[in-house]
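Reviewing the structure listed below.
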Amino acid sequence: MTTTLVTGGTGTLGRHVSERLRTGAQEVRVLSRHSRPYAVDLRRGGGALNTAVTGVDTIVHCASTPRGGDEAAAKNLVAAARRAGVGHVVYISIVGVDQVPFGYYRTKFAVERLIEESGLGWTVLRTTQFHDLVLTLLQALGKSPVMLLPARVKDQPIAVTEVADRLAELARGGPAGRVADMGGPEVRTLESLARSYLEATGRRRAVVKVPLRGAAYRAFRAGGHLAPEHAVGKGTFEEFLAARAEHVRAGK
Ligand SMILES: NC(=O)c1ccc[n+]([C@@H]2O[C@H](COP(=O)([O-])OP(=O)(O)OC[C@H]3O[C@@H](n4cnc5c(N)ncnc54)[C@H](OP(=O)(O)O)[C@@H]3O)[C@@H](O)[C@H]2O)c1
């Protein structure tokens, strides 16, 4: 019996990863700020974190927030993992964290390096955006009668369930270092994704493309966050919308 700790195991990705790992002969612990008995704020660490990692073979690190603190969280996690003799840390990152000078991406890149230099066995998987994130973005932009989209930006969304399959596979294996990126099946303009969303929801909105300023926007426009050479995902954005039709139409 091996023991795996999934940080952020209640999140969009983490809950699918936890489910998959539970099907094997494994103890799976789920850690998040609100998930008992392993309710831990990783930014603070402390005794509860030490308890959560004790006896753990593999950590799948999915906990994250764009609101800040991921580096402090990773430092605490790595220190606790080293003390507990954890053999393998699997980290989920984003395609382009080293290309796009966007605050959250810089933090993810710094966390990658922390894990790679930790002395622990490690695996890092970068993927493109999940369909869920694109939907959340479009739902927010669709609240106004005119949908303003950053001009000339593309995306390559991927099904979170496929990312979870791969992360669970990596967690069951040994440390593999930086593995091949995973991208969604199609590189699409934001406009085309927005039109699919509007069609699925039956909403009518004017779509206006707005050029933005700044280095991060230029890097997104140049496709630094895309992985067309690794378009291994199968599920399309339309299939994702259709599978969640009720939720999508309700705009929740
Ligand atoms: N979304 C995407 O498109 C995408 C693409 C590529 C990679 N990723 C990466 O995949 C990972 C998971 O993303 P997601 O979309 O599944 O995120 P999510 O749904 O926001 O889930 C985040 C999880 O982290 C936990 N968490 C947040 N701050 C924490 C803290 N300080 N201490 C302990 N737990 C904390 C949350 O639970 P509590 O609130 O209970 O703490 C939750 O379980 C992230 O590393 C993200 O960068 C995401």
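Position 1 is the first residue of the sequence; numbering continues from there. Because the structure is predicted, anything quoted here is derived from the model rather than measured. Whatever order the structure lists ligands and atoms in, that order sets their numbers, starting from 1.
Other residues sharing the hydrophobic cluster of V53, ordered by chain and number and joined by side-chain separations under 4.5 Å: L5, L31, Y38, V40, L42, L49, V56, I59, L77, V78, V86, V89, Y91, V111, I115, L120, W122, V124.
A donor-acceptor pair shorter than 3.5 Å cannot be found between the side chains of R166 and T127. A donor-acceptor pair shorter than 3.5 Å cannot be found between the side chains of H16 and T161.
Summarising the contacts of atom 33 (C) of ligand 1 with T107, D155, V40, the nearest heavy atom is found in V40. The nearest non-hydrogen atom to atom 22 (C) of ligand 1, considering only G8, S64, G9, comes from S64.
The backbone N or O of R43 lies less than 3.5 Å from a partner atom in the side chain of N76, making a donor-acceptor pair.
Using a 4.0 Å threshold on non-hydrogen atoms, atom 17 (O) of ligand 1 does not count as touching the protein.
Each of the following atoms of ligand 1 lies closer than 4.0 Å to a heavy atom of C62: 11 (C), 12 (C), 44 (C), 45 (O). The L42 neighbourhood of ligand 1 comprises atoms 30 (C), 31 (N), 32 (N), 33 (C), with distances under 4.0 Å to a heavy atom of that residue. For ligand 1, the atoms closer than 4.0 angstrom to any heavy atom of T10 are 37 (O), 42 (C), 43 (O). Counting the atoms of ligand 1 from 1 in the order shown, those under 4.0 Å from a heavy atom of I94 are 6 (C), 7 (C), 47 (O). Of all the atoms in ligand 1, the ones that sit under 4.0 Å from a non-hydrogen atom of Y104 are 44 (C), 46 (C), 47 (O). Which parts of ligand 1 touch T128 is read off a 4.0 Å heavy-atom cut-off, strictly below it: atoms 5 (C), 6 (C).
In terms of protein heavy-atom proximity, atom 1 (N) of ligand 1 is nearest to F130 CD1, 3.3 Å. Of all protein heavy atoms, the one closest to atom 21 (O) of ligand 1 is G11 CA, 3.4 Å. Closest to atom 24 (O) of ligand 1 among all protein heavy atoms lies A63 CA, 3.3 Å.
Counting heavy atoms under 4.0 Å from ligand 1, residue V160 does not touch it at all.
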